[in-house]
Amino acid sequence: MAKKTVFITGASAGIGEACARVFAREGFDLLLAARRINRLEALAAELEDEYGVNTHLLALDVRDAGEVFSAFSNLPGEWQQVDVLINNAGLSQGLDPIHAGDIGDWDRMIDTNVKGLLYVTRAVSPIMVARQSGHIVNIGSIAGKEVYPNGNVYCATKHAVDALTQGMRIDLLDKGIRVTAIHPGMVETEFSTVRFKGDEARAAKVYENLEPLMAGDIAEAVWFAVSRPGHVNVNDMLIMPTAQANATTVIRKK
Ligand code: NDP
Ligand code: 8X3
């Protein structure tokens, strides 16, 4: 079987890194992007060693449209033939009521989670269209289905991911391209440390006394969607820890 290539944004940590591990295990070549290239280098070396896959790394800030388009168009031709795009790079910044929100936090979330996802998709999808083949997986969130107190702008960005996924699916329906959204609840990654700007103690409290999802749980769900037969499209998966019913209802052990 011909080798396939997966392009994963935000592969330097958490869910993106876990996706790299799962897709390497499944024999995919890996095109990995993030700002922290040193982390990508370590991951790529490990996965090349363990699975014999080929890797190509992009030091990329998805918020910079120019950087995204030039990085992609300057790739060697074979690396542009992306079979699976996982739009995973994303973040939350702050947890403040709307009247006290930090404009810089809002910009970082909107620029990364919405505009970054759009830039990458716009760079990669024309080649999928030309090949009449491909699969785009967007990492949304329970925050794209519900809104929780002080989640305002983060939730809005993930609602946008949900809407964009639906729009992409319609536009790409007759182009042989599958489009999936995976919406996780609480996953223990660097997400909360980033949200609380390095405050590890506050981040740890989010996952205190409950068993959250692990990044690998979501990576396996992505793989499930991608590995369905060609006539099957998983539109949407909402995956929660058993201890979390919805965005605001969790049960913690005493
Ligand atoms: P992590 O903080 O562990 O990982 C985030 C990844 O995104 C990192 O690799 C980071 O790389 C990358 N990233 C962030 N900003 C940029 C940028 N401007 N350009 C390129 N890459 C960027 O968090 P998660 O793994 O948890 O998050 C992954 C996705 O999952 C996000 O979209 C998040 O919203 C979503 N999600 C997370 C949940 C959770 O509870 N953890 C639940 C639901 C959804 P680097 O800093 O090196 O650039
Ligand atoms: C990340 C999970 O609950 O903070 O999307 O929105 S949550």
Side-chain angles (χ1 to χ4, degrees), residues 7-21 32-43 57-65 67-68 71 86-95 105 107-120 137-162 164-165 181-198 200 202-203 205-207 210 212-219 221-222 237-241 243-250:
F7 180 13
I8 306 170
T9 66
S12 61
I15 294 168
E17 178 186 333
C19 287
R21 293 180 186 284
L32 305 178
R35 292 166 300 180
R36 289 171 293 179
I37 190 75
N38 56 329
R39 286 208 186 190
L40 294 182
E41 284 165 354
L43 178 65
L57 309 181
L58 294 175
L60 190 62
D61 186 334
V62 296
R63 294 173 296 177
D64 185 329
E67 220 178 271
V68 169
I86 305 177
N87 276 317
N88 163 76
L91 81 179
S92 181
Q93 292 270 269
L95 191 62
D105 287 349
D107 286 343
R108 276 186 290 279
M109 289 187 278
I110 293 166
D111 290 350
T112 310
N113 301 356
V114 182
K115 293 165 74 179
L117 178 145
L118 280 169
Y119 300 152
V120 173
V137 181
N138 294 329
I139 304 300
S141 172
I142 179 63
K145 302 289 188 184
E146 297 176 39
V147 179
Y148 53 81
N150 304 326
N152 42 63
V153 175
Y154 178 69
C155 295
T157 66
K158 290 298 181 176
H159 276 68
V161 171
D162 195 25
L164 288 169
T165 305
I182 306 282
H183 299 280
M186 270 187 224
V187 190
E188 190 163 13
T189 61
E190 295 173 14
F191 177 85
S192 292
T193 305
V194 171
R195 165 171 261 174
F196 300 128
K197 300 173 183 166
E200 301 277 0
R202 193 174 174 197
K205 279 207 165 310
V206 174
Y207 312 108
L210 61 76
L213 295 168
M214 302 307 288
D217 298 322
I218 300 307
V222 172
M237 286 174 78
L238 178 59
I239 306 169
M240 308 294 281
Q244 183 181 13
N246 60 23
T248 49
T249 313
V250 299

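Both backbone and side-chain heavy atoms feed into the values below; hydrogens, waters and symmetry mates do not. Numbering of ligands and ligand atoms starts at 1, following listing order.
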Gln244 vs Leu210 side-chain heavy atoms within contact, under 4.5 Å: no
Would you check the N or O atoms of Ser141, main chain and side chain alike, for any that come under 3.5 Å of an N or O of ligand 1? no
Between Val194 and Gln93 the two heavy atoms that sit nearest each other are O-NE2, 3.0 Å
Just to confirm my output: which protein heavy-atom neighbour is closest to atom 5 (C) of ligand 1, and how far is it? Gly90 O, 3.7 Å
Shortest non-hydrogen contact between Pro149 and Thr248, atoms and distance: CD-CG2, 3.8 Å
On a heavy-atom basis, I'd like to know which of Asn88, Ile139, Asp64 is closest to atom 32 (O) of ligand 1. Asn88
Sub-4.0 Å atoms of ligand 1 with respect to non-hydrogen atoms of Gly14: 3 (O), 25 (O)
Give the atoms of ligand 2, by number and element, whose distance to some non-hydrogen atom of Ser141 is under 4.0 Å. 1 (C), 2 (C), 5 (O), 6 (O)
Qualifying residues under side chain to side chain donor-acceptor pair (under 3.5 Å), relative to Ser12, sequence neighbours excluded: none
Between Val187 and ligand 1, which part of the residue brings a heavy atom under 4.0 Å of the ligand: side chain, backbone, both or neither? both
Minimum heavy-atom distance Thr112-Gly90, with the two atoms named: CG2-CA, 3.9 Å
Report, in ascending order of atom number, the atoms of ligand 1 lying under 4.0 Å from any heavy atom of Tyr154. 33 (C), 34 (O), 36 (N), 44 (C)
If the test is salt bridge (charged side-chain N to carboxylate O under 4.0 Å, His left out), which one of Glu41, Glu17, Glu190 qualifies with Arg36? Glu190
For atom NZ of Lys197, is the number of surrounding heavy atoms from other residues, nucleotides or ligands below 6.0 Å larger than 12? yes
Please confirm whether Ala18 comes under 4.0 Å of ligand 1, counting heavy atoms of the residue only. no
Identity and separation of the nearest protein heavy atom to atom 19 (N) of ligand 1: Val62 N, 3.0 Å
Provide the number and element of each atom of ligand 1 under 4.0 Å from a heavy atom of Ser12. 8 (C), 9 (O), 10 (C), 11 (O), 45 (P), 47 (O)
Show the numbers, then the answer: is there a side chain to side chain contact (heavy atoms under 4.5 Å, CB included) between Ile239 and Asp217? CA-CA 9 Å; Ile239 306 169; Asp217 298 322; 5.8 Å; no
Note, Leu213 side chain near Ile218 side chain (heavy atom, < 4.5 Å): yes
Quick test: of every protein heavy atom, which one is nearest to atom 46 (O) of ligand 1, and how far off is it to 0.1 Å? Arg35 NH2, 2.9 Å
Under 3.5 Å donor-acceptor, Asp61 side chain and Arg63 backbone: yes
Who pairs with Tyr154 by ring-ring contact (aromatic ring centres under 6.0 Å, His included), at least two apart in sequence or on another chain? Phe191
Can you name the closest pair of heavy atoms from Tyr207 and Thr189 and give their distance? OH-N, 4.4 Å
Audit row: His183, Ile142, side chain to side chain contact (heavy atoms under 4.5 Å, CB included) steps and yes/no: CA-CA 6 Å; His183 299 280; Ile142 179 63; 5.9 Å; no
Quick test: of every protein heavy atom, which one is nearest to atom 24 (P) of ligand 1, and how far off is it to 0.1 Å? Thr189 OG1, 3.4 Å
Ligand-residue contact atoms, ligand 1 with Glu190, heavy atoms, under 4.0 Å: 2 (O), 3 (O)
Which one holds for Met186 and ligand 1: side chain close, backbone close, both close, or neither close, with close meaning a heavy atom under 4.0 Å? backbone
For atom 4 (O) of ligand 1, closest protein heavy-atom neighbour: Ala13 CB, 3.8 Å
Atoms in ligand 1 with a heavy atom of Asp61 nearer than 4.0 Å: 17 (C), 18 (N), 19 (N)
Can you tell me which residue and heavy atom of the protein come closest to atom 4 (O) of ligand 2, and the distance to 0.1 Å? Tyr148 OH, 3.1 Å
For Asp111 and Gly116, indicate whether the former's side chain and the latter's backbone hold a donor-acceptor pair under 3.5 Å. no
Side chain to side chain contact (heavy atoms under 4.5 Å, CB included) evaluation trace for Glu146 with Cys155: CA-CA 7 Å; Glu146 297 176 39; Cys155 295; over 6 Å; no
Under 4.0 Å, heavy atoms only, figure out whether ligand 1 is touched by the backbone of Lys158, its side chain, both or neither. side chain
Can you figure out which of Gly116, Gly185, Gly140 has its heavy atom closest to atom 44 (C) of ligand 1? Gly140
Residue and atom name of the nearest protein heavy atom (relative to atom 12 (C) of ligand 1), distance in Å to one decimal: Gly10 CA, 3.5 Å
Using a strict 4.0 Å cut-off to heavy atoms of Arg195, name the atoms of ligand 2 that fall inside it. 4 (O)
Only heavy atoms of Ala143, strictly under 4.0 Å: list the atoms of ligand 2 that pass. 6 (O)
For Ile15 and ligand 1, does the shortest N/O to N/O distance drop below 3.5 Å? yes
Near Pro184 (heavy-atom distance under 4.0 Å), the atoms of ligand 1 are 42 (C), 43 (C), 44 (C)
Of the options Leu58, Leu40, Leu60, Ile37, which is the one that meets Leu32 in a side chain to side chain contact (heavy atoms under 4.5 Å, CB included)? Leu40
Measure from atom 13 (N) of ligand 1 to every heavy atom in Ala20, Ala89, Gly144 and give the option owning the shortest one. Ala89
Looking only at heavy atoms of Thr9, does any of them come nearer than 4.0 Å to an atom of ligand 1? no
Going by the 4.0 angstrom heavy-atom rule, the piece of Leu60 near ligand 1 is backbone
